[in-house]
Amino acid sequence: MQRKTLIVGATSAIAAAVAQICAARGDRLYLVGRDAAKLQALVTSLGSAVVGHESGDFVAFEQAGARMQRAIAVLGGLDRALIAHGYLGDQARSERDFDYARAIVDTNFTSVVALLLPLAAHFETQGHGHLAAITSVAGERGRPRNYTYGAAKRALGCYLEGLRSRLYPRGVHVHDIKLGPVPTPMSVGHPQNFLWGEKHAVAHGIVQAMERRWHTVYLPRSWRLVMAVVRLLPECVFQRFGFLAGR
Ligand SMILES: NC(=O)c1ccc[n+]([C@@H]2O[C@H](COP(=O)([O-])OP(=O)(O)OC[C@H]3O[C@@H](n4cnc5c(N)ncnc54)[C@H](OP(=O)(O)O)[C@@H]3O)[C@@H](O)[C@H]2O)c1
């Protein structure tokens, strides 16, 4: 079956790897990304699998509805949608500059909600399909090093949970892809360790989650256990560990 797949934030390193997997298995793809030159390079590399693409800034919320309608029209329907864009930002700056903090929240949460509204309405009417968005383990516990970003991702996780229950009776699957750290442009300069993922493996995990109807997925998978422990740590213990509660 040739799936009709929409990828929003397609120029992200992880989303581009997802697009490669989807193209290789024969999906029809519609790609949306901010950076027109990067998007064009990706479209060229994927060849005839891409039936349409569009560039734009997702913080222009008012354009989200028309943008999603165009994608659905060009694809001739929709089977799978992945929303992948995100912005880690500079935590310290977000603590003294409200407009900057709002840009982090708007990119990671508000802009995704603006896209989810038209997509959810489409899937609800259609009565089948998969809708996935990428959140982060950073949203599981507020930490000084990234709590503005983490708060926005946690809000998105809550939103996805509610949306999942709304659409479940309609046969629509909503996926929360909780990523641990992965070397991409977003994480450049961050010290790596054995818990880090690799973008192609993570991309395979995202595709697999949709195929197998796994609704909440940690990638790499080891993060499910790590976060189960971290979530359970009492505050007084959490505060003693510099690698968790420090900058
Ligand atoms: N890498 C990690 O360690 C990690 C960990 C947990 C979660 N995540 C999440 O994984 C997802 C993919 O990130 P990545 O690691 O692949 O990083 P990435 O390569 O830096 O991709 C981030 C993408 O978000 C796009 N973007 C940012 N602000 C935007 C806006 N206002 N409008 C449109 N697009 C915007 C960027 O567009 P441009 O190409 O124009 O810059 C870029 O394509 C994100 O949701 C991220 O939060 C990543």
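Each ligand, and each atom within it, is numbered from 1 in the order the structure gives. Computation of the quantities below employed the complete heavy-atom set of this structure, encompassing side-chain atoms and omitting hydrogens, waters and symmetry-equivalent molecules.
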Can you list every pair where an N/O of ligand 1 is under 3.5 Å from an N/O on the protein?
residue	atom	partner	partner atom	Å
ligand 1	1 (N)	Val182	O	3.1
ligand 1	1 (N)	Thr184	OG1	3.1
ligand 1	3 (O)	Val182	N	2.9
ligand 1	3 (O)	Val182	O	3.2
ligand 1	15 (O)	Thr184	OG1	2.7
ligand 1	16 (O)	Ser12	OG	2.9
ligand 1	16 (O)	Ala13	N	3.2
ligand 1	16 (O)	Ile14	N	3.1
ligand 1	17 (O)	Thr184	OG1	3.4
ligand 1	19 (O)	Ala13	N	2.9
ligand 1	20 (O)	Met186	N	3.3
ligand 1	24 (O)	Gly86	N	3.2
ligand 1	24 (O)	Gly86	O	3.3
ligand 1	28 (N)	Arg34	NH1	3.4
ligand 1	31 (N)	Asp57	OD1	2.8
ligand 1	32 (N)	Asp57	OD1	3.3
ligand 1	32 (N)	Phe58	N	3.0
ligand 1	39 (O)	Thr11	OG1	2.9
ligand 1	39 (O)	Lys38	NZ	2.8
ligand 1	40 (O)	Arg34	NE	3.0
ligand 1	40 (O)	Asp35	N	3.4
ligand 1	41 (O)	Arg34	NH2	3.1
ligand 1	43 (O)	Thr11	OG1	2.9
ligand 1	43 (O)	Ser12	N	3.0
ligand 1	45 (O)	Ala84	O	2.8
ligand 1	45 (O)	His85	O	3.0
ligand 1	45 (O)	Lys153	NZ	2.9
ligand 1	47 (O)	Tyr149	OH	2.6
ligand 1	47 (O)	Lys153	NZ	3.1

Cation-pi check for Phe123 against Arg170: NZ or CZ below 6.0 Å from the six-membered ring centre and within 45 degrees of the axis, yes or no?
no
Would Arg93 pass as a cation-pi partner of Tyr100, given that its NZ or CZ must be under 6.0 Å from the six-membered ring centre and within 45 degrees of the axis?
yes
Does the distance from a Lys or Arg side-chain N to an Asp or Glu carboxylate O, for Asp79 and Lys4, drop under 4.0 Å?
no
The remaining residues in the hydrophobic cluster of Leu225, counting side-chain heavy-atom contacts under 4.5 Å among Ile, Leu, Val, Met, Phe, Trp and Tyr, are none
Please collect all salt bridge (Lys or Arg N to Asp or Glu O under 4.0 Å) contacts where either partner lies in residues 110-133, sequence neighbours excluded, each pair once.
Glu124-Arg166
Run the side chain to side chain donor-acceptor pair (under 3.5 Å) test against Tyr168 and tell me which residues pass, sequence neighbours left out.
none
